[in-house]
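Just below is one structure, and these are the notes that go with it.
Lettering follows sequence order; numbering is per chain, from 1. Because only heavy atoms are used, hydrogens play no part in the values below, and waters and symmetry mates are left out as well, while side chains stay in.
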2 protein chains.
Amino acid sequence: MNFPKTQIWEMNKAEVLIIDDEPQIRKLLQINLESNDYKVVQASTGKEGLILSASHAPDLILLDIGLPDKSGHDILKELREWYNKPIIILSVQDNEIDIISALDNGATDYLTKPFRTGELLARIRSAIKRSQNSENDIIITCGDIEINLVARIVKQNNEVIKLTSTEYNLLALFAKNEGKVLTHQYLLREIWGYTFQTETQYLRVFVGTLRKKIEVNPNNPQHIITESGVGYRFQ
Amino acid sequence: MNFPKTQIWEMNKAEVLIIDDEPQIRKLLQINLESNDYKVVQASTGKEGLILSASHAPDLILLDIGLPDKSGHDILKELREWYNKPIIILSVQDNEIDIISALDNGATDYLTKPFRTGELLARIRSAIKRSQNSENDIIITCGDIEINLVARIVKQNNEVIKLTSTEYNLLALFAKNEGKVLTHQYLLREIWGYTFQTETQYLRVFVGTLRKKIEVNPNNPQHIITESGVGYRFQ
DNA sequence: TTGAATTATAAAGATTTCGTAAAAAATCCC
DNA sequence: GGGATTTTTTACGAAATCTTTATAATTCAA
């Protein structure tokens with residue numbers, strides 16, 4: 001197995017949520033994923049899956065279509081109302097209609113059971129990689145700030161700036177959306193998860209610490225601009 | 001087949017490059033793609049494929065792994081040095097090593113021949129949608145004013161204008177209904193909510209601040225026109 | 001032309017939102 | 001286990017925005 005971007009995983013493990021009712025499959029996936037350095041969260045029902053996806057904001061979801069409580073198609077639609085990271089469908093169904101419907105409803109990929117674990121892992125790597133650098137940019141430069149998305153290193157005028165994990169996540173999200181106003185809800189959802197959408201105070205605190213680290217004059221920020229009542233904008 | 005962003009496709013067909021040495025497969029793909037509103041370019045060898053991809057910059061590449069002149073894996077690596085839109089691999093090879101290698105070298109997807117055309121088309125739609133997602137800003141232009149509804153930013157003669165949340169909401173609503181007379185009640189309902197329908201004074205105040213910000217001469221407004229007794233009209 | 005209705009503008013409260021500091025809780029790392 | 005780091009809470013003053021009030025300007029019909 002070759003990992004093109006080893007560092008990412010070592011510094012900050014990617015989290016995968018498994019939504020599947022079969023314990024054997026979950027166990028199989030868990031073992032394979034954990035030995036490949038992913039953090040794993042599991043749900044055995046659709047409802048539980050929705051709750052965990054909201055509270056964990058995983059980097060990828062493996063979703064079984066044949067769940068006991070709710071159709072996987074419905075779960076997919078519900079997830080896609082807010083979750084925009086990869087969702088890979090696992091299914092015993094090999095009929096074209098199901099596959100097309102899932103893909104058109106926002107599934108990133110569709111594998112039929114039984115699947116080959118090596119292939120699944122490769123598809124997971126591929127999907128996560130694509131979602132992490134949406135424009136294949138490895139380094140984002142915004143004025144005097146340079147963010148290496150692969151190494152998770154931030155430099156200002158070639159000096160490395162030490163950021164905590166959350167500070168980095170926030171700055172990287174800002175940088176990926178340079179110039180756009182990002183709402184409080186969006187920022188909270190992307191970084192903390194759906195259930196944190198109302199915790200705007202978190203944002204104030206972390207924007208504050210970020211400004212202290214990257215702004216020349218934190219009282220007159222030039223990079224992270226407040227859009228009162230709406231959110232923040234990075235430039 | 002559902003196309004969430006119909007206009008884009010109609011205005012500007014997505015272009016697909018087929019790199020495959022089998023004429024029957026190329027023909028089959030061409031017919032299917034063209035009837036689904038894609039523009040198609042074809043190459044029968046790897047070398048030709050590389051040249052056409054460079055000269056056409058297609059929105060997606062369908063790449064056969066079993067080419068006569070050059071291994072598809074090599075073509076993939078060469079393409080990925082500069083091409084960052086989706087590449088879907090088509091192959092008679094169904095062995096895991098090939099699939100993993102292709103995905104780890106930047107393939108977006110991997111289908112084994114014979115494939116189901118409906119599924120392939122769904123995977124193509126999905127891949128193109130994801131790759132275009134990053135640049136789907138909707139921008140409304142009205143004379144010297146430009147409103148980016150995604151970035152939530154208003155520019156006048158390329159200068160960013162700072163608006164409060166309510167000012168922006170009002171202007172965006174005006175711009176979405178350019179030329180139409182919008183009644184007081186409608187504006188109040190849309191922005192403040194149903195219970196504020198009678199608070200016309202709010203409107204006067206906010207139209208006033210907006211005019212100060214976007215009109216050359218606020219005493220003689222050219223954009224936000226008063227329709228006495230009815231409402232306002234934006235032009 | 002006049003005057004009532006409507007609209008515009010300014011400015012003073014009222015309220016909401018923001019920023020900062022610092023304590024408490026949780027997590028990480030040796 | 002225990003110290004260091006990071007995240008989550010809490011509290012409060014500052015800033016920005018919204019609402020209200022007062023008054024001036026404009027419109028339009030008789």
Side-chain angles (χ1 to χ4, degrees), chain A residues 10-13 15 39 55-57 152 154 161-171 173-174 181-188 190-193 195-234, chain B residues 152 154 161-171 174 181-185 187-188 190-193 195-215 217-234:
Chain A
E10 283 172 6
M11 292 198 191
N12 199 339
K13 288 186 184 183
E15 192 169 342
K39 203 174 156 192
S55 58
H56 279 71
R152 289 175 71 94
V154 178
I161 296 181
K162 190 169 153 40
L163 298 179
T164 70
S165 173
T166 312
E167 284 164 7
Y168 171 84
N169 290 337
L170 186 57
L171 182 59
L173 188 55
F174 274 134
V181 176
L182 304 179
T183 63
H184 299 133
Q185 294 103 302
Y186 173 80
L187 291 165
L188 289 161
E190 288 295 312
I191 291 171
W192 281 272
T195 49
F196 292 78
Q197 270 191 112
T198 53
E199 302 284 338
T200 34
Q201 181 58 20
Y202 287 18
L203 272 179
R204 298 206 189 94
V205 173
F206 278 89
V207 164
T209 64
L210 260 184
R211 277 177 177 156
K212 270 189 208 155
K213 293 186 181 184
I214 65 167
E215 299 284 4
V216 180
N217 177 9
N219 297 327
N220 178 27
Q222 299 301 306
H223 281 111
I224 305 176
I225 312 296
T226 302
E227 299 284 344
S228 192
V230 185
Y232 295 92
R233 180 165 53 87
F234 185 75
Chain B
R152 215 187 150 93
V154 178
I161 297 181
K162 190 167 160 37
L163 300 178
T164 70
S165 174
T166 312
E167 285 163 6
Y168 172 85
N169 291 337
L170 186 57
L171 181 59
F174 274 134
V181 177
L182 304 179
T183 64
H184 298 134
Q185 293 102 305
L187 291 165
L188 288 161
E190 288 293 313
I191 290 169
W192 282 271
T195 50
F196 292 76
Q197 275 192 98
T198 54
E199 303 283 339
T200 23
Q201 180 57 18
Y202 285 18
L203 268 181
R204 301 210 181 92
V205 173
F206 278 89
V207 165
T209 65
L210 258 185
R211 278 176 177 156
K212 269 190 210 155
K213 293 186 181 183
I214 65 167
E215 299 284 3
N217 178 10
N219 298 327
N220 178 26
Q222 298 301 304
H223 280 111
I224 305 175
I225 313 297
T226 303
E227 298 285 346
S228 194
V230 186
Y232 296 92
R233 182 165 50 87
F234 185 75

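For D:dC18, neither phosphate oxygen OP1 nor OP2 lies less than 4.0 angstrom from any side-chain nitrogen or oxygen of B:Trp192. The side chain of B:Thr200 places no N or O atom within less than 4.0 Å of a non-bridging phosphate oxygen (OP1 or OP2) of C:dT7. Listed pair A:His184 / C:dC18 meets the phosphate criterion, a side-chain N or O lying under 4.0 Å from OP1 or OP2. Considering only side-chain N and O atoms, A:Thr164 lies under 4.0 angstrom from the phosphate OP1 or OP2 of D:dT7. Proximity of A:Asn219 to the phosphate of C:dT20: a side-chain N or O atom is located under 4.0 Å from OP1 or OP2. Phosphate contact (OP1/OP2 of C:dT16, side-chain N/O of A:Ser228, threshold under 4.0 Å): absent.
Residues from residues 202-210 of chain A that place a heavy atom under 4.0 Å from any atom of DNA chain D, listed by number: A:Tyr202, A:Val205, A:Phe206.
The closest side-chain heavy-atom distance from B:Leu203 to B:Leu170 is below 4.5 Å.
The OH-P distance, from B:Tyr168 to D:dT17, rounds to 16 Å in whole Å. As rounded to whole Å, 8 Å separates atom C1' of C:dA8 from atom CZ of B:Arg211. One can place CG of A:Leu170 at 15 Å from C1' of D:dT6, the figure rounded to the nearest angstrom. Straight-line distance from the CG atom of B:Leu188 to the C1' atom of C:dT7: 14 Å, rounded to whole Å. C:dT7 atom C1' lies 14 Å from atom CD1 of B:Ile225, rounded to whole Å. Following rounding to the nearest Å, B:Lys213 (NZ) and D:dA16 (P) show an atom-to-atom distance of 12 Å. Rounded to an integer number of Å, the gap from A:Asn220 CG to D:dA14 C1' is 16 Å. The NZ atom of A:Lys212 sits 10 Å away from the C1' atom of C:dA22 (whole-angstrom rounding).
Nearest to the side chain of A:Thr166, among D:dT9, D:dT17, D:dT7, sits D:dT7. Out of D:dT19, D:dT9, C:dT7, the shortest distance to the side chain of A:Glu199 is found at D:dT9.
Across all strands, A:Gln201 comes closer than 4.0 Å to base atoms (heavy-atom distances). Backbone-only engagement by A:Tyr232 is indicated by non-hydrogen atom pairs under 4.0 Å involving sugar-phosphate atoms exclusively.
Rounding to the nearest 0.5 angstrom, the gap separating the CD atom in B:Gln197 from the CD atom in B:Glu199 is 11.0 Å. Distance check: A:Leu187 CG to A:Tyr202 OH gives 15.0 Å after rounding to the nearest 0.5 Å.
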Test side chain to side chain contact (heavy atoms under 4.5 Å, CB included) on B:Phe174 and B:Arg233 and set out the steps.
CA-CA 7 Å; B:Phe174 274 134; B:Arg233 182 165 50 87; over 6 Å; no
Evaluate the side chain to side chain contact (heavy atoms under 4.5 Å, CB included) criterion for residues A:Glu215 and A:Ile224: first the C-alpha distance (whole Å), next the side-chain angles of each, then the deciding distance (0.1 Å), finally the verdict.
CA-CA 8 Å; A:Glu215 299 284 4; A:Ile224 305 176; 4.1 Å; yes
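Side-chain atoms of B:Arg152 and B:Asn169 form a donor-acceptor pair, as typed in the model, at a separation below 3.5 Å.
Counted within 6.0 Å of NZ on A:Lys39, heavy atoms from surrounding residues, nucleotides or ligands total 12 or fewer; the atom is thus considered open.
Contact detail for B:Lys213 and B:Thr164: the closest heavy-atom pair is NZ-N, 4.3 Å.
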